[in-house]
Amino acid sequence: MSEPHLTDGGPEQAPGLDLEAGRVLFAQLCRFFYAAQSIDQLSAPLGPEIAFAGRSNVGKSTLVNALTGQKALARASGQPGRTKQLNFFNLGDRLTLVDMPGYGYAQAAKAVKKDWQGLMFDYLRGRPDLRRVVLLLDARIELKPSDHAVMDLLDRAAVTYQLVLTKIDKITPKALDAKRAQARALARRHAAAFPDVVATSSETGAGIEELRAVLAQLG
Ligand SMILES: Nc1nc2c(ncn2[C@@H]2O[C@H](COP(=O)(O)OP(=O)(O)O)[C@@H](O)[C@H]2O)c(=O)[nH]1
Ligand SMILES: [Mg+2]
């Protein structure tokens, strides 16, 4: 059987997803409550956490803003590689969203190891309340060695992660089909990867409701 034809990032995996639950969760006030630059600055979790990871400039901060409908919540910038800290946001006392530092600015697996060995790996491994890592991949760009290195690291940390494509407004429906199939195949090859892939655009809103609903199941 061939893949069904898709025209946008939305509805394909919608069956069973409670979009209303996602809407209600993300309609709540979300506020920044602290940043950690080292492991000793981490405070005890308030409850379930979802962390957003991905290469610098992939659209992490923009996605957190789109999900919460708060434009200036997580700082989005055109200048990659700036934030080297974990930023914690409290969503209605139900879910903590964690904006992780971008990796692979230098685009080398080696750089990922160096960046992620300390704080990030400690955080990922030692956080029982971390429900899922949302791993963002730019739909326009081929996977880099740094992406593979992070997926391997997440497998080793045994943290469930979910692949989310970003910036799908920048590609054709046909290219998106191919990218989605590629991401699914990739997820199947990784022990800790969740099988579903969500395709999003913070620009058009495609996939945002779906991702809210997916995350609402975890909080
Ligand atoms: N066209 C388009 N641009 C996006 C999208 N998401 C993010 N961007 C742009 O990509 C750049 C990097 O986004 P940012 O959120 O700062 O990336 P981060 O480094 O991963 O936090 C910014 O210029 C954003 O406006 C999207 O869905 N579509
Ligand atoms: Mg950012």
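Atoms within each ligand, like the ligands themselves, are counted from 1 in listed order.
Annotation: cation-pi geometry satisfied between Arg132 and Phe194 (NZ/CZ under 6.0 angstrom from ring centroid, within 45° of ring axis).
Between Val98 and Tyr123, the closest side-chain pair of non-hydrogen atoms falls below 4.5 Å.
Residue contacts with ligand 1: Gly59 is placed with a nitrogen or oxygen under 3.5 Å of a nitrogen or oxygen of the ligand (distance criterion only). Considering both main-chain and side-chain atoms, Ser202 comes within under 3.5 Å of ligand 1 through a nitrogen or oxygen pair. Considering backbone and side-chain N/O of Ser61, one or more are found under 3.5 Å from N/O of ligand 1.
Side-chain contact annotation: Ser43 with Tyr34, donor-acceptor N/O pair under 3.5 Å present. A donor and an acceptor atom, one from each side chain of Asn65 and Ser202, are nowhere located under 3.5 Å apart.
The shortest separation from a heavy atom of Asn57 to ligand 1 is under 4.0 Å, placing the residue in contact.
Checking Asp169, Ile208, Thr62 against atom 14 (P) of ligand 1, the nearest heavy atom belongs to Thr62.
For the Mg ion (ligand 2), the set of nearby N, O or S atoms under 2.8 Å includes one belonging to Ser61.
Every atom of ligand 1 is numbered from 1 in the order shown, and the set under 4.0 Å from a heavy atom of Lys60 is 15 (O), 17 (O), 18 (P), 19 (O), 20 (O), 21 (O). The atoms of ligand 1 that sit less than 4.0 Å from any heavy atom of Ser201 are 27 (O).
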- Message: The test is salt bridge (charged side-chain N to carboxylate O under 4.0 Å, His left out); show your working for Glu209 and Arg212 and say whether it passes.
- Response: CA-CA 5 Å; Glu209 284 194 320; Arg212 284 182 185 138; 5.3 Å; no
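Residues Arg127 and Glu49 are paired through a salt bridge, judged by an N-O separation under 4.0 Å between the basic side chain and the carboxylate.
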